[in-house]
Amino acid sequence: MKAIAATGSPEPVTVAVRQRSPGLKVATFNVNGINGRLSVLLLWLKQAQPDIVCLQELKAPQYKFPVAALRAAGYEAVWHGQSRWNGVAILSRGSEPIEIRRGLPGNVEDEHSRYIEAAVKGVLIGCLYLPNGNPASGPKFDYKLRWFRRLIGHASTLLATGAPVMLVGDFNVMPTELDVYKPERWIDDALFRPEVRSAYQQLLDQGWTDAIRTCHPGERIYTFWDYLRNAWGRDAGLRLDHLLLSPTLKDHIVAAGVDREVRGWDRASDHAPAWVILSHLPSL
DNA sequence: ATGGCTATGAGACATAGA
């Protein structure tokens with residue numbers, strides 16, 4: 001809301017005017033333990049003021065999600081917790097996300113909490129935490145590839161709806177050499193293996209737009225720095241967290257980026273938040 | 001190649017992360 005002084009009035013009259021929205025800010029943040037990281041998350045929410053947030057690696061069972069603290073900060077949430085590992089959530093500022101599904105179709109045996117989907121502020125949001133897959137090769141790598149196949153299949157059905165959709169989260173993939181501080185060191189890693197990069201490319205080929213890369217072609221941008229070996233101090237980073245936009249949304253990109261400084265905070269996650277701002281959409 | 005660090009759940013260390 002914005003106060004407008006009506007001209008000609010004897011006194012300033014406050015008129016409620018719907019402020020022109022600066023746009024819809026959608027962010028993703030692998031928090032690496034939502035309870036251990038709560039102070040960092042709340043401070044970042046206050047500073048960054050995202051409208052929609054996808055969280056990964058909650059590392060908390062369903063009942064330990066800090067719903068009250070987030071509500072006090074102005075966010076409603078849907079989440080899929082899991083004890084110790086994984087866990088994903090979608091936050092929405094000032095409105096209730098409408099949960100559409102949890103878990104990807106294609107394997108009822110898969111009990112990892114790695115995907116949740118909700119309708120939020122007129123956009124369909126798929127929040128994902130793709131398996132790490134190390135060591136490659138092996139059963140974990142196979143699981144990663146199978147999970148990726150299921151994601152690609154579901155992504156195509158989402159696109160077929162024609163709705164404004166975003167696939168947002170920790171993809172555990174560096175898409176190109178530009179996304180790795182030292183590509184030759186990562187050739188055989190599950191995050192950079194050709195099969196995985198090619199799967200990511202297949203996703204883009206369906207018609208998805210990588211918001212951060214599109215806004216910053218040719219630029220070295222990272223979203224993750226290992227806790228080990230002073231990776232943050234050396235800027236030895238990886239770009240793992242991505243925001244993919246359906247064709248309807250890509251023409252509305254205003255800006256995209258990474259809140260790098262958050263990685264330098266006390267008790268930081270090993271990931272930094274990444275975000276995109278979309279201009280006002282007709283449907284919103 | 002290894003180990004370095006950090007989280008969780010447990011109440012020591014095992015396991016996963018990337």
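Every chain is numbered from 1, with letters handed out A, B, ... down the list of sequences. Every heavy atom of this structure was used, including side-chain atoms; hydrogens, water molecules and symmetry mates were not.
With P as the reference atom, B/dA10 and B/dT6 are 23 Å apart, rounded to whole Å. Nucleotides B/dT2 and B/dA12, compared at atom P, are 30 Å apart to the nearest Å. The gap from the C1' atom of B/dC13 to that of B/dA1 amounts to 24 Å, rounded to the nearest Å.
Between A/R267 and A/F224, it is A/R267 whose nearest contact on DNA chain B lies nearer the 5' terminus. Summary of the strand contacts: A/A268 and A/W85 both lie near DNA chain B, and taking for each the nucleotide with the nearest heavy atom, the more 5' one is attributed to A/A268.
Here A/D170 lies in heavy-atom contact (under 4.0 Å) with sugar-phosphate atoms only. Within the 4.0 angstrom heavy-atom criterion, only backbone atoms of the sugar-phosphate kind lie near A/N172; the bases stay farther away. Using a 4.0 Å heavy-atom distance criterion, A/S83 is classed as a sugar-phosphate-only contact. Nucleic acid contact for A/R234: none, since no nucleic acid atom lies under 4.0 Å from a heavy atom of the residue. Counting any heavy atom pair closer than 4.0 Å across all strands shown, A/Y129 reaches sugar-phosphate atoms only and no base atom.
Side chains of A/L238 and A/T223 form no contact here, defined as non-hydrogen atoms less than 4.5 Å apart. Considering only heavy atoms from C-beta on, A/L24 comes within 4.5 Å of A/V26 through its side chain.
Ion pairing between a basic and an acidic side chain is recognised when a charged N comes within 4.0 Å of a carboxylate O; A/K25 and A/D51 show no such pairing. With respect to A/R213 and A/D179, a salt bridge is recorded, a charged nitrogen being found less than 4.0 Å from a carboxylate O. Here A/R102 does not pair with A/E117 in a salt bridge; the nearest charged N to carboxylate O distance is not below 4.0 Å.
Screening residues 260-270 of chain A for side-chain hydrogen bond (donor to acceptor under 3.5 Å, both in side chains), with sequence neighbours left out, gives A/D235-A/R260.
A close approach under 4.0 Å does not occur between any side-chain nitrogen or oxygen of A/N35 and OP1 or OP2 of B/dA7. In this model, the phosphate group of B/dA16 is approached by a side-chain N or O of A/K140 to a distance below 4.0 Å at OP1 or OP2. Neither OP1 nor OP2 of B/dA16 sits under 4.0 Å from any side-chain N or O of A/R84. Here A/H271 reaches the OP1 or OP2 of B/dA18: one of its side-chain N or O atoms lies under 4.0 Å away. Residue A/Y222 has no polar side-chain atom (N or O) positioned under 4.0 Å from OP1 or OP2 of B/dA18. Regarding contacts with the backbone of B/dA7, every side-chain N or O of A/N32 stays at 4.0 angstrom or more from both OP1 and OP2.
Here B/dG17 presents its P atom at 9 Å from NZ of A/K59, a figure rounded to the nearest Å. Between the CH2 atom of A/W186 and the C1' atom of B/dG17 there is a distance of 11 Å, given to the nearest Å. Whole-Å rounding puts the A/D226 CG to B/dG17 C1' distance at 9 Å. Going from atom NE2 of A/H112 over to atom P of B/dA16 covers 9 Å, rounded to whole Å. One can place CG of A/L58 at 17 Å from C1' of B/dT6, the figure rounded to the nearest angstrom. Taking atom CG of residue A/N132 and atom P of nucleotide B/dT15, one finds them 17 Å apart after rounding to whole Å. Look at CD on A/E57: it is 15 Å from P on B/dT6, rounded to the nearest Å. Computed from coordinates, the A/Q56 CD to B/dT6 C1' distance equals 18 Å when rounded to whole Å.
Residue A/L228 has its side chain nearest to B/dC5 when only B/dG9, B/dA18, B/dC5 are considered. The side chain of A/K64 has B/dG9 as its nearest neighbour among B/dG17, B/dA18, B/dG9. Distances were taken from every side-chain heavy atom of A/P61 (C-beta onward) to each of B/dA18, B/dG9, B/dT15; the shortest belongs to B/dG9. When distances run from any side-chain atom of A/R37 to the nucleotides B/dC5, B/dA18, B/dT6, the shortest one goes to B/dT6.
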For residues 38-48 of chain A, which side-chain N or O atoms pair as donor and acceptor with protein atoms under 3.5 Å away, sequence neighbours left out?
residue, atom, partner, partner atom, Å
A/W44, NE1, A/D259, OD2, 2.7

